[in-house]
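In what follows, a single structure is set out as structure tokens and then discussed.
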Amino acid sequence: MDLQDRKLLERDKKLMSRRGYVPEDEMQFSGRTLELLQKAADEVQFLLDKGYDIKPVTTFVGNHYMFSERQRLALARSVSAKEYVQTRSSKELLQNRKGLIPKIVHRDGFNTIITLEVALSGSPVFYCRDGVLRDLAGLRGTYRIIDKSREAVELLLRQLKSLNISNAVFYLDAPVSNSGRLSEFHACAIY
């Protein structure tokens with residue numbers, strides 16, 4: 001392996017440790033492009049509220065603005081019909097009005113950890129119109145531990161402690177690669 005191949009391999013290793021990172025993201029999700037995405041999100045919202053399905057709507061609006069597939073995915077993941085947002089919001093308000101802190105919190109472990117890893121990697125995370133943070137990592141059935149994994153678990157556990165949540169159950173799909181290794185991190189985390 002020559003020097004150039006080693007440099008390329010080293011560069012690829014660094015990129016791979018950035019969960020959800022695509023080099024074009026810096027251009028596709030900043031400045032004027034981000035303003036266009038926000039305008040497009042309003043148009044997608046309008047069409048969803050009229051009863052249209054998300055896939056054809058994001059294709060139609062994405063074609064109009066000549067967005068990349070990744071930008072269209074961001075639109076599809078970040079915009080929901082107002083009816084859905086209101087239903088979700090009413091459930092949250094009901095919980096908050098009761099002033100209840102649940103005795104046990106149940107979380108999808110991979111979704112939570114991956115989103116934290118994406119944020120720690122400096123990759124795009126979107127605050128969506130339904131109040132949820134979403135990323136574009138797109139992991140489907142495969143997961144590998146990266147240098148941000150332990151930090152993500154530690155951040156999550158510290159946040160739970162600060163909220164006085166004493167019992168949390170994280171669901172990790174057993175068929176997903178490295179789920180066993182990830183589940184071991186809780187024992188090493190700082191509470």
**Q.** Pairs flagged by salt bridge (Lys or Arg N to Asp or Glu O under 4.0 Å) wherever residues 36-53 is involved - sequence neighbours left out
**A.** D42-R129
Q: Please report the shortest heavy-atom distance between V118 and P124, naming the atom on each side.
A: CG1-O, 3.4 Å
Q: Identify the two heavy atoms, one from A152 and one from L116, that lie closest to each other, and give their separation to 0.1 Å.
A: O-CD1, 3.5 Å
**Q.** Between OG on residue S78 and CG on residue L136, distance to nearest 0.5 Å
**A.** 8.5 Å
Q.
Is the shortest side-chain heavy-atom distance between N63 and R72 below 4.5 Å?
A. yes
(Q) Nearest 0.5 angstrom please: K161 NZ to L163 CG, how far? (A) 12.5 Å
Q) Of all heavy-atom pairs between I54 and V79, which one has the smallest distance, and what is that distance? A) CD1-O, 4.1 Å
(Q) As a quick check of understanding, evaluate side-chain contact (heavy atoms from CB on, under 4.5 Å) for S149 and I146, giving each step before the final call. (A) CA-CA 5 Å; S149 301; I146 63 169; 3.7 Å; yes
Q.
What's the separation between atom CZ in R77 and atom CG in L133, rounded to the nearest 0.5 Å?
A. 11.0 Å
Q.
Could you work out, with ring pair (Phe, Tyr, Trp, His ring centres under 6.0 Å) as the rule, every residue matching H106, not counting sequence neighbours?
A. Y171
**Q.** Residue pairs fulfilling salt bridge (Lys or Arg N to Asp or Glu O under 4.0 Å) with at least one residue in residues 23-36, sequence neighbours excluded
**A.** D25-R70, R32-E35
**Q.** side-chain contact (heavy atoms from CB on, under 4.5 Å) between L47 and F60, worked out
**A.** CA-CA 10 Å; L47 292 169; F60 176 73; 4.3 Å; yes
Q: List the steps and the verdict of side-chain contact (heavy atoms from CB on, under 4.5 Å) for T33 and Q71.
A: CA-CA 10 Å; T33 308; Q71 289 168 314; 3.1 Å; yes
